[in-house]
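A quick write-up on the structure given underneath.
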There are 2 protein chains.
Amino acid sequence: MRLVYYLLMEESLEDFLERAQRDFLAHISLDCVVFGFHAGQLKILLLKMKHEDKRALPGGFVRKDETLEEAASRTLRERTGLENIFLQQFSVFSDPLRSDPDARPQSLVLAGVSPEKTGFFAQRFISVGFYALVEFSQVVPRPDVLSDTCDWYNLEERGPLILDHDQILAAALAALQAQLNYQPLGYNLLPRKFTLPELQKLYEAILGKKLDRRNFQRKIFSYGILRSLDEKRTGVAHKAPYLYSFDLRKYQKALKLGLQGGW
Amino acid sequence: MRLVYYLLMEESLEDFLERAQRDFLAHISLDCVVFGFHAGQLKILLLKMKHEDKRALPGGFVRKDETLEEAASRTLRERTGLENIFLQQFSVFSDPLRSDPDARPQSLVLAGVSPEKTGFFAQRFISVGFYALVEFSQVVPRPDVLSDTCDWYNLEERGPLILDHDQILAAALAALQAQLNYQPLGYNLLPRKFTLPELQKLYEAILGKKLDRRNFQRKIFSYGILRSLDEKRTGVAHKAPYLYSFDLRKYQKALKLGLQGGW
DNA sequence: CCAAAAGTGTTGTTTTTACACCCATGA
DNA sequence: TCATGGGTGTAAAAACAACACTTTTGG
């Protein structure tokens with residue numbers, strides 16, 4: 001209401017500028033929902049905070065000379081050891097009450113930081129949510145300075161998360177589902193060589209429902225995005241499935257229009 | 001690189017906290033792409049800046065006690081006179097070079113502000129993009145304090161926009177297209193009573209292509225989201241078309257699963 | 001009365017769904 | 001050898017795309 005007044009009354013433009021620094025101050029953070037796929041299950045990478053029972057999404061802050069994407073990439077390089085991680089913004093979380101201004105400072109104090117230095121974390125943060133897709137087996141999880149552990153969790157076994165991270169995770173999952181036909185999810189979550197049943201299980205995990213095997217194969221083939229490898233997965237029980245890899249050029253081209261049809 | 005060092009070397013946690021306030025400072029703004037629909041055309045609301053030739057998207061800042069959505073809503077209340085505007089975040093724009101730190105302060109100086117007070121606008125802003133849908137005829141455009149005029153423009157006749165606003169607009173259009181089957185675009189862009197040809201023209205404007213009249217009608221009816229009004233649009237040339245309105249309850253329900261099928 | 005927009009069905013084609021048997025492998 | 005998962009095709013149903021004539025109205 002005050003601002004409306006400033007903007008409508010021309011005389012207050014200078015006042016507005018003076019107050020802006022105080023009235024409009026919010027810090028920006030980012031939180032990443034890192035998805036991996038292993039043994040037919042979607043996994044997410046979570047940190048176990050020091051002196052806290054709850055787990056947290058890997059997150060970070062943006063430096064002056066970085067884009068958000070660069071900051072997220074840097075953060076995830078630290079958490080996973082990987083370069084060039086596939087990243088996608090999906091939402092911004094800006095509830096003024098989303099973070100408890102005492103929680104993080106308290107756990108910092110428990111971690112041995114003097115209380116007067118914890119001010120940074122006591123401020124309001126507006127957080128940009130990213131989801132990231134990584135090849136599970138390539139990741140070497142590394143906790144950050146506020147965490148004890150960094151590990152993969154199944155979605156159902158993740159336990160409670162700090163702050164609004166449950167909400168962020170739910171939004172990431174919804175974004176993942178919505179973008180299945182518009183982003184190369186398979187390319188980024190699976191190893192270079194994979195079998196059709198593996199790809200199908202990935203689709204099933206993302207969509208949360210079973211798909212018909214024959215219809216799935218027909219449809220995937222119809223996109224022309226798979227390169228058949230004349231090679232089979234060996235060492236597994238039962239009939240050896242064929243291996244495939246993505247034809248990235250065709251995959252990208254097909255995604256531009258969106259893979260047609262529903263699942 | 002410096003940050004990597006801080007986070008990997010435990011001893012620097014306190015240093016990290018001290019520097020964070022300086023290293024991680026970015027201001028948050030928001031920019032709104034306000035869509036309206038009139039005479040078969042998509043329109044956007046743009047401000048003509050004082051002392052600048054280019055036009056700008058309506059934008060604003062977030063107060064301490066607001067969510068981004070509340071801030072956008074407040075901003076658009078000022079620009080349009082409307083309450084409860086339909087708003088949707090679609091992307092965050094964080095290129096460190098996206099804004100010229102001199103441009104806005106210079107035009108403020110031209111507007112009579114003393115140079116030392118323009119510091120707020122010289123800082124780095126990370127901007128959250130929203131698209132808004134309004135009923136064209138309800139809007140009473142009002143310029144803000146930095147602008148001469150606030151008016152509707154056709155997409156093709158908008159002229160050049162400041163900063164990265166062309167990019168923001170392009171992203172908003174892409175989001176609009178992508179969400180056609182998931183958001184009540186028709187409900188928010190059309191008046192309460194409308195004709196099928198009007199609804200079809202809206203779809204055509206958003207998609208940028210012509211649709212077959214009979215197939216369109218069959219498909220729209222099949223969703224069961226329209227209420228037929230036993231009333232015709234009078235006073236227009238040619239055969240009078242029937243009026244319809246949305247059955248909001250059914251529309252919302254249908255959108256949860258997404259309106260099926262492609263356009 | 002005529003120009004222009006609106007209403008209305010059918011048909012061929014494509015896409016989707018549902019469904020069952022044989023094969024290869026490791027245990 | 002057998003239990004388990006992988007490979008493969010067909011038919012019926014649904015969705016989609018293409019297409020033309022008649023009606024109504026204002027000018």
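Because the structure is a prediction, the values reported are computed rather than measured. First the proteins, then the strands, lettered A, B, ... as listed; each starts at 1.
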Given D:dG9, C:dG7, D:dC19, the nucleotide with the shortest approach to the side chain of B:Lys239: C:dG7

Heavy-atom neighbours of B:Arg233 CZ exceed 12 at 6.0 Å: yes

Nucleotide D:dC16, atom P - distance to CG of B:Leu259 in whole Å: 12 Å

Whole angstrom value for the distance that separates P of C:dT16 from CZ of A:Phe216: 14 Å

Those residues of residues 193-205 of chain A lying under 4.0 Å from DNA chain D by at least one heavy atom: A:Pro197

Per B:Arg218 side chain, nearest of listed nucleotides C:dA18, D:dA17, D:dT8: D:dA17

Protein-nucleotide distance (B:Phe221, atom CZ; D:dA15, atom P), rounded to Å: 17 Å

A:Arg213 CZ to C:dC21 C1', straight-line distance once rounded to whole Å: 11 Å

Phosphate contact (C:dT15 OP1 or OP2) by A:Gln260 side-chain N/O below 4.0 Å: no

Rounded distance (Å) that lies between atom P of D:dC19 and atom NZ of B:Lys210: 17 Å

Whichever of B:Ala240 and A:Lys232 has its nearest DNA chain C nucleotide further upstream toward 5': B:Ala240

Nucleotide nearest A:Asn215 (side chain, heavy atoms from C-beta), chosen from C:dT17, C:dT8, D:dA17: C:dT17

A:Asp212 side-chain proximity, nearest of D:dC19, D:dA20, C:dC19: C:dC19

NZ or CZ of B:Lys209 within 45° of B:Trp263 ring axis and under 6.0 Å: no

Atom pair distance, as rounded to whole Å: OH in B:Tyr244 and P in C:dG7: 6 Å

Quiz item: B:Arg214 side-chain donor-acceptor pair to C:dG7 base, under 3.5 Å: no

Residue whose nearest DNA chain C nucleotide is more 5′ - B:Tyr242 or A:Lys219: B:Tyr242

Sub-4.5 Å side-chain heavy-atom contact between A:Gln183 and A:Tyr131: yes

Donor-acceptor pair between B:Gln89 and B:Glu69 side chains, under 3.5 angstrom: yes

N/O donor-acceptor pair under 3.5 Å between A:Thr80 side chain and A:Leu76 backbone: yes

Interatomic distance, B:Leu226 CG vs C:dG7 C1' [rounded to whole Å]: 16 Å

Base of C:dA4 paired with side chain of B:His238 (donor-acceptor, under 3.5 Å): yes

Ion pair check, A:Lys193 and A:Glu231, cut-off under 4.0 Å: yes

NZ/NE/NH1/NH2 to OD/OE distance under 4.0 Å, B:Arg98 and B:Asp164: yes

Atom-pair distance (CD on A:Gln217; P on C:dT17), nearest Å: 16 Å

A:Thr67 versus B:Ser94, side-chain donor and acceptor atoms under 3.5 Å: no

Closest-nucleotide ordering on DNA chain D, the 5'-leading residue of B:Val236 and B:Gly262: B:Gly262

